[in-house]
Participant: 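I have a structure I would like to understand better, so I am pasting it below and will then ask my questions one at a time.
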Amino acid sequence: MIVDYQDGLSTADIEADLCVIGAGPAGIAIAQSFVGTSVNVCLIEGGGLAGEHETQALYEGSSIGPLPFDASTSRMRAFGGSCNLWGGGCIPLAELDLAARDWVPHSGWPISYAELEPHYRRAQKFCGIGEKAFESGSFLQSSPRPPIAFDEASGLVNRTFVSTPVIFSDAYRGELERAPNIRVLLHANLLELRASPGGSAVQSAAIGSIAGRRSMVRARHYVLACGGLENARALLLSNAVAPNGLGNDHDVVGRYFMDHPSSRLGAIFGVGGDQVLRPYDRDLGEGDVPSYPEITLSDEAQRVRKLLNARVHAFPVERTVPRGLQALRQLRASWRRTGGEPTVEERLCTALNHRPRMVQPSDASSAMLALRTGIGAVDILRAFVNKLNDRPSVESDHVDLVGFFEQAPNPQSRVMLCDDRDALGLRKICVDWRLTELDLHTYRVATEMFGQNVARACGGRFEPEAWLRDGSQVPPMYTTAHHLGTTRMADDPKRGVVDRHGKVHGVGNLHVAGSSVFPTGGWAFPTLTIVALSLRLAENLKAKLRSDAPAEMGDQANAA
């Protein structure tokens, strides 16, 4: 069932076998795994069923690093999490992404690609993409338009991702609502995980609403699934017994913060770009689960040139758009406006959209735009004919290349607590987002590889951005809202927060799910891997809940 905690109708304190905190893709995947079992699950979500400005404000924080970072606009606090706004991209990590690379300090997962592969197969079903064939780092679906054929010397390869239409909040809400053994609490915010006197087990989760309601959830096992920033914050805030926070005996919680930094790398000028680059156009997908190639660095190029992983996407920048077509686009945009204050969803989408703007805003009324559209009917007809002939509606003036990069794990790049407090009285986060020399080396070398080889295929010339020519400039990098690494996985508690099974080192019944456990991130969209790891954790929890119930309950009773 689904209960709104702030309405006061649910019981004050809750007993459960498993408490999952956070109803994003990780939390929903774990809860859904227990539907129909004898395990009672309490799934806690701090937001509602849609974005709300008041609850979204709980994600606000500060940024002190050389790279600006806005914690409030790079994630969404609602049932379904940030994937309410996602583009649906699914792709597995590559074997090299998980391997220990001698040129990448702090790299190497404690589990292998082979161990993760069967869970990727289960994750496909959960993500609504069926049983598509895949290999290390790529799906094996063919593209309706052949991509650029790069030779081996280029160091570039095409890897394929698939795009699912599934929104997890919509797909699994009904099933969780109907399940008698699942209780979902909306607007229930985690305040603190309260540990036993020695800190070896969590005894309860303190939750509360903005309006002031407070309760306890007591469970046998707990899972933090709040996202790459909030997982670290929750551990740091739970410091009543462990002064540095739970699982933070070695000062690792919050460190190694990574994203997939993105920036414009330069432009390709010249003719021929449209036809060559259209296989990569995400507006031209076919079928319910379309597949798209992406231009990436080959494994061999990464090894030989000592690079991090990376991909590049080409965005054609149109020449002057005919007036009729421009009016039609502006009219469509006006229909999508909600009027008044932007919704949370609109604000987040605007903040994270760094691609070239295709529709220029207009102050004209809808009636005037409709009139202009009618007058420009010839322009619209010409664009329609071009589309029927698999040509762009408007020829491009040039092509912008935007890079998306793996980030090197760096203990100085971190999430901390600051002194400012939110509406719940909890300390907010402070993000110190930092790059390394390996990141900068990758940007320079990979940009040259991407730019020159794509330009050659287009018959054009590549002009890199000024910051790449001048090494003294700080790279103008943007977040892609892929928050990684802050509770990283490692066998050694001095190098990571959780073990290979996702259990927090030193805390017997506390686990973490999500991209915060990634030791490295490759370039891949993280959601498929998040779900795969969450389903793997759910299997492990089922086994633990079956095997250790009598001893564990006795231990917790003694600790109390």
Side-chain angles (χ1 to χ4, degrees), residues 22 24 26 65 69 75 93-94 96-102 104-113 115-116 119 223-236 238 242 244-261 308-309 405-417 429 431-436 438-439 479 481-507 510-524 526-527 529-534 536-537 540:
F69 188 90
R75 51 195 176 143
L93 290 168
L96 186 62
D97 295 330
L98 278 67
R101 292 164 275 173
D102 58 14
V104 183
H106 311 291
S107 63
W109 290 47
I111 60 174
S112 67
Y113 175 83
E115 291 176 80
L116 195 52
H119 304 287
V223 179
L224 280 177
C226 309
L229 302 179
E230 212 68 8
N231 282 345
R233 183 189 183 205
L235 291 174
L236 293 173
S238 301
N244 295 324
L246 281 179
N248 200 29
D249 291 345
H250 301 283
D251 191 26
V252 183
V253 172
R255 293 189 182 273
Y256 300 96
F257 170 63
M258 302 171 290
D259 204 313
H260 286 138
L308 297 162
N309 211 341
F405 297 91
E406 177 181 16
Q407 184 176 351
N410 174 13
Q412 302 308 313
S413 182
R414 61 188 300 196
V415 172
M416 302 170 286
L417 299 179
I429 62 168
V431 180
D432 188 354
W433 188 23
R434 293 180 176 271
L435 303 175
T436 67
L438 179 57
D439 293 297
T479 175
H482 298 160
H483 309 142
L484 317 169
T486 57
T487 64
R488 69 197 320 254
M489 180 191 300
D491 289 330
D492 183 353
K494 294 180 180 179
R495 298 183 62 244
V497 177
V498 302
D499 66 14
R500 62 177 54 225
H501 301 295
K503 185 189 76 65
V504 174
H505 288 295
V507 188
L510 178 59
H511 315 263
V512 181
S515 56
S516 66
V517 307
F518 289 20
T520 54
W523 70 259
T527 303
T529 303
I530 289 172
V531 172
L533 288 172
S534 299
R536 177 175 177 266
L537 174 57
N540 184 262

Participant: Taking all atoms of both residues into account, what is the closest heavy-atom pair of Val104 and Pro409, and its distance?
Facilitator: CG1-CD, 3.9 Å

Participant: Are Ser515 and His482 packed together at the side-chain level, in the sense that at least one heavy-atom pair is separated by less than 4.5 angstrom?
Facilitator: no

Participant: For Asn248, enumerate each residue passing the side-chain contact (heavy atoms from CB on, under 4.5 Å) test, keeping only those at least two apart in sequence or located in another chain.
Facilitator: Leu236, Asn244, Asp251, Val253

Participant: What is the ring orientation for Phe518 with Trp109, classed by angle as parallel under 30°, tilted 30 to 60°, or perpendicular over 60°?
Facilitator: tilted

Participant: Could you walk me through whether Leu533 and His119 pass the side chain to side chain contact (heavy atoms under 4.5 Å, CB included) test, one step at a time?
Facilitator: CA-CA 7 Å; Leu533 288 172; His119 304 287; over 6 Å; no

Participant: Under a 3.5 Å threshold, yes or no: a donor from one side chain and an acceptor from the other, between Trp433 and Gln407?
Facilitator: yes

Participant: As a quick check of understanding, evaluate side chain to side chain contact (heavy atoms under 4.5 Å, CB included) for Leu435 and Phe405, giving each step before the final call.
Facilitator: CA-CA 11 Å; Leu435 303 175; Phe405 297 91; over 6 Å; no

Participant: Under the rule for side-chain hydrogen bond (donor to acceptor under 3.5 Å, both in side chains), what residues qualify as partners of Glu230, not counting sequence neighbours?
Facilitator: Arg75, Arg233

Participant: Apply side-chain contact (heavy atoms from CB on, under 4.5 Å) to Ala94 and list each qualifying residue two or more places apart in sequence or on a separate chain.
Facilitator: Asp97, Ser136

Participant: Check for a donor-acceptor pair, side chain of Thr486 on one end and backbone N or O of Gly228 on the other, with a separation under 3.5 Å.
Facilitator: yes

Participant: Restricting to non-hydrogen atoms, name the atom on Ile111 and the atom on Leu98 that form the minimum distance, rounded to 0.1 Å.
Facilitator: O-CD2, 3.9 Å

Participant: If you compare all heavy atoms of Leu484 against all heavy atoms of Asp259, which two are closest, and at what distance to 0.1 Å?
Facilitator: CD1-O, 4.3 Å

Participant: Which distance, rounded to the nearest 0.5 Å, do you find between the OG of Ser112 and the CZ of Arg500?
Facilitator: 8.5 Å

Participant: Write down the atom of Pro519, the atom of Gly108, and the distance for their closest heavy-atom approach.
Facilitator: CB-O, 3.9 Å

Participant: Who pairs with Arg536 by salt bridge (charged side-chain N to carboxylate O under 4.0 Å, His left out), at least two apart in sequence or on another chain?
Facilitator: none

Participant: Just wondering, do Arg488 and Arg495 contact through their side chains at under 4.5 Å, heavy atoms?
Facilitator: yes

Participant: Please check this pair: side chain of His260 against backbone of Pro526, looking for a donor-acceptor N/O pair closer than 3.5 Å.
Facilitator: no

Participant: Does some side-chain heavy atom of Lys503 sit less than 4.5 Å from a side-chain heavy atom of Val498?
Facilitator: no

Participant: The criterion is salt bridge (charged side-chain N to carboxylate O under 4.0 Å, His left out); which residues satisfy it with Asp432, sequence neighbours excluded?
Facilitator: Arg434

Participant: Which heavy-atom pair separates Gly247 from Val504 by the least distance, and what is that distance?
Facilitator: CA-CG1, 3.6 Å

Participant: Any side-chain heavy atom of Gln412 sitting closer than 4.5 Å to one from Arg255?
Facilitator: yes

Participant: Which of these passes side-chain contact (heavy atoms from CB on, under 4.5 Å) with Val517: Leu224, Val497, Val512?
Facilitator: Val512

Participant: Sequence neighbours left out, what passes side-chain hydrogen bond (donor to acceptor under 3.5 Å, both in side chains) with Asp499? Give chain and number order.
Facilitator: none

Participant: Is there side-chain contact between Thr520 and Arg101, with at least one heavy-atom pair below 4.5 Å?
Facilitator: yes

Participant: Which pair of non-hydrogen atoms, one from Gly521 and one from Leu93, has the smallest distance, and what is that distance?
Facilitator: O-CD2, 3.6 Å

Participant: Got Asp439 and Leu308 here, is their nearest side-chain heavy-atom distance under 4.5 Å?
Facilitator: yes

Participant: Are side-chain heavy atoms of Ile429 and Met416 found at a separation under 4.5 Å?
Facilitator: no

Participant: So does Gly227 get a backbone contact from the side chain of Ser516, meaning a donor-acceptor N/O pair under 3.5 Å?
Facilitator: no

Participant: Hey, mind stepping through His505 and His250 against side chain to side chain contact (heavy atoms under 4.5 Å, CB included) and telling me if it holds?
Facilitator: CA-CA 10 Å; His505 288 295; His250 301 283; over 6 Å; no

Participant: Tell me, do Leu537 and Val223 make a side-chain contact under 4.5 Å, heavy atoms counted?
Facilitator: yes

